[in-house]
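Remarks on the structure that follows.
Remember, predicted model here, so these are calculated numbers, not experimental data. Count residues from 1 along the sequence.
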Amino acid sequence: MIVRLLVVLAVLGLAWLAVGRWERRQGAQVMGVSPGVTMFTTDDCRICPLAMETLAGAGVPVTLRSALDPLAEALAVRSVPTLVVADGQGHVTMRRSGRTVITDVRSIAAALAAAFPAA
């Protein structure tokens with residue numbers, strides 16, 4: 001009985017780690033990504049307003065795009081909000097989806113600063 005419980009807990013733990021890694025994946029390199037921070041959203045996104053508020057509070061300028069945009073399809077956006085940070089050449093250096101857009105705001109600000117170092 002205890003062995004079964006430990007196996008179930010181990011499987012759940014591995015699934016939780018896998019989901020976390022999936023949400024933080026970098027994403028494909030796609031042409032046409034604007035330099036800076038771009039967030040894909042929909043009209044009925046529940047946490048998008050909180051994500052925008054959190055990013056604004058951290059001083060991160062964000063370009064909003066629809067999740068129905070062809071660029072979203074090229075980037076394989078499957079959930080909202082999805083945020084990408086692109087460097088000056090348009091290469092995606094960071095990608096966050098779902099609640100990680102809110103919880104990783106410091107990492108997003110750091111990635112933006114690294115992509116565009118102060119002159």
Side-chain angles (χ1 to χ4, degrees):
M1 179 77 170
I2 291 190
V3 173
R4 288 183 190 169
L5 177 63
L6 291 175
V7 169
V8 168
L9 290 176
V11 169
L12 290 175
L14 289 173
W16 181 72
L17 289 172
V19 168
R21 296 255 323 154
W22 179 259
E23 287 180 341
R24 288 176 172 82
R25 70 192 186 283
Q26 184 176 17
Q29 295 301 323
V30 175
M31 300 303 293
V33 180
S34 301
V37 178
T38 303
M39 188 168 83
F40 296 93
T41 184
T42 59
D43 292 336
D44 59 348
C45 175
R46 291 182 181 172
I47 64 172
C48 291
L50 178 59
M52 285 299 302
E53 182 180 317
T54 304
L55 291 164
V60 177
V62 178
T63 302
L64 288 179
R65 293 186 85 159
S66 170
L68 303 175
D69 190 281
L71 180 59
E73 184 175 338
L75 287 168
V77 171
R78 301 288 180 250
S79 63
V80 290
T82 293
L83 177 139
V84 293
V85 178
D87 62 13
Q89 289 79 36
H91 296 111
V92 175
T93 59
M94 175 183 272
R95 178 182 177 133
R96 296 291 184 264
S97 297
R99 190 152 299 276
T100 59
V101 172
I102 299 166
T103 59
D104 290 355
V105 70
R106 289 187 187 132
S107 299
I108 294 166
L112 182 61
F116 300 96

When you measure from the side chain of Thr93 to the backbone of Val85, do you find a donor-acceptor pair of N or O atoms at a distance under 3.5 Å?
yes

For a quick test of reading the model, state the closest non-hydrogen atom pair linking Met94 to Val92 and the distance between them.
O-CG1, 3.4 Å

What's the shortest heavy-atom distance between Ser97 and Thr82, and which atoms?
OG-OG1, 3.3 Å

Of the non-hydrogen atoms in Ser34 and Ala86, which two are nearest, and what is the gap between them?
O-CB, 3.5 Å

Would you list the pairs meeting salt bridge (Lys or Arg N to Asp or Glu O under 4.0 Å) in which at least one residue belongs to residues 82-91, sequence neighbours left out?
none

With a 4.5 Å cut-off on side-chain heavy atoms, are Val77 and Arg95 touching?
yes

Interatomic spacing from CZ in Arg65 to OG1 in Thr41 - rounded to 0.5 Å:
13.5 Å

Hey, does Met52 have a side-chain heavy atom less than 4.5 Å from the side chain of Leu64?
yes

Taking Leu112 as the starting point, is it possible to reach Val101 by hopping between hydrophobic residues whose side chains are less than 4.5 Å apart?
yes

Taking every heavy atom of Met39 against every heavy atom of Ala51, the minimum-distance pair comes out as SD-CB, 4.2 Å

Of Ile108, Leu83, Leu55, Leu50, the residue whose pairing with Ile102 passes side chain to side chain contact (heavy atoms under 4.5 Å, CB included)
Leu50

Where do Gly88 and Pro35 come nearest, in terms of heavy atoms and distance?
O-CG, 3.8 Å

So which atom in Ala72 and which in Phe40 form the shortest heavy-atom distance, rounded to 0.1 Å?
CB-CD2, 3.6 Å

